[in-house]
Amino acid sequence: MRTAIYPGSFDPPTCGHLDIIERASRLCDELIIGVLKNSAKTPLFSTDERVNMLKVITSDLDNVRVMSFEGLTVDFAKQNGANIIVRGLRALTDFDYELQLSQINKNLCEDIETIFLTTNLKYSFLSSSTVKEVASYSADISGLVPPYVQDLVEKKIKERSDS
Ligand code: ADP
């Protein structure tokens, strides 16, 4: 049984994330999306909201599960019997950070391999921060995030600007 994890903040999940999830899910028996409870960043969405969005947008993928985690990614992988970490690569700017991360993880756990899927060119410019930035100016984010996520981002941004 080949189990992989795809860790990230997913605040919010974008079409770029979903593209990586669909492609990674075809390479393994089970793909676990790990939503990081990141206390250092102040996210737009709570951990539960991010988990829920990912569950909804991946509901058609039978071998994908969504969980939250805190602490080291390698510990989360080990606890779930996964020996593969999936990460996405967009531009050269991702490379330096992702390389460091994968080397630290390799140092922490020899048995776990990080594999990188390169972005779909359509989404090479796309990040969760871009989506939040564009939405904060009430500009159109359709095509950047799945429709279910679009509604929630727009509601959340409106709530924030009303309060
Ligand atoms: P993190 O805070 O861990 O970087 P993100 O939610 O921003 O979490 O991203 C999770 C993973 O998805 C990272 O490996 C990131 O490079 C990748 N990723 C994000 N956006 C895209 C995209 N548009 N195309 C491909 N990979 C992406």
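Ligands are counted one by one from 1 in listed order, and the atoms in each one are counted from 1 as well. Just the heavy atoms: all of them, side chains too, but no hydrogens, waters or symmetry mates, feed the values below.
- In terms of protein heavy-atom proximity, atom 20 (N) of ligand 1 is closest to Arg90 NH1, 3.4 Å.
- Residue Asp62 qualifies as open at atom CG: its count of foreign heavy atoms under 6.0 Å is 12 or below.
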* In sequence, state the C-alpha distance, the side-chain angles, and the governing distance for Arg2 and Glu30, and then conclude on salt bridge (Lys or Arg N to Asp or Glu O under 4.0 Å). => CA-CA 7 Å; Arg2 184 174 294 161; Glu30 183 181 41; over 6 Å; no

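- Residue Tyr6 places at least one N or O, backbone or side chain, under 3.5 Å from an N or O of ligand 1.
- By the 30° and 60° cut-offs, the orientation of the rings of Phe76 relative to Phe69 is parallel.
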* Evaluate the criterion salt bridge (Lys or Arg N to Asp or Glu O under 4.0 Å) for residue pair Asp151 and Lys155; output intermediate values, then yes/no. => CA-CA 6 Å; Asp151 284 351; Lys155 268 191 207 131; 5.7 Å; no

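- At most 12 heavy atoms of other shown residues, nucleotides or ligands fall within 6.0 angstrom of atom CG in Asp96.
- Ranked by closest heavy atom to atom 2 (O) of ligand 1, the top entry among Pro13, Ser9, Gly88, Ala91 is Ser9.
- Ranking protein heavy atoms by distance to atom 4 (O) of ligand 1, first place goes to Arg87 NH2, 3.5 Å.
- Those atoms of ligand 1 with a heavy atom of Leu126 less than 4.0 angstrom away are 20 (N), 21 (C), 22 (C), 23 (N).
- Residues Leu117 and Leu89 fail the side-chain proximity criterion, which asks for heavy atoms closer than 4.5 Å.
- With hydrogens and angles disregarded, a donor-acceptor distance shorter than 3.5 Å links the side chain of Asp11 to the backbone of Leu44.
- A continuous path of ILVMFWY side-chain contacts below 4.5 Å connects Leu18 to Tyr123, so both sit in one hydrophobic cluster.
- Set against the non-hydrogen atoms of Phe10, the atoms of ligand 1 under 4.0 Å away are 6 (O).
- Not a single heavy atom of Phe116 sits closer than 4.0 Å to an atom of ligand 1.
- Below 3.5 Å of separation, one finds an N or O of Thr119 facing an N or O of ligand 1.
- No N or O atom of Tyr97 sits closer than 3.5 Å to an N or O atom of ligand 1.
- Side-chain contact check for Asp140 and Ser142: at least one donor-acceptor pair (N or O, by modelled atom type) lies under 3.5 Å.
- Here is the list of ligand 1 atoms found below 4.0 Å of a heavy atom in Ile20: 25 (C), 26 (N).
- Which parts of ligand 1 touch Gly16 is read off a 4.0 Å heavy-atom cut-off, strictly below it: atoms 22 (C), 23 (N).
- Some N or O of His17 is nearer than 3.5 Å to an N or O of ligand 1, by distance alone.
- Annotation: Tyr123 places an N or O atom under 3.5 Å from an N or O atom of ligand 1; distance criterion only.
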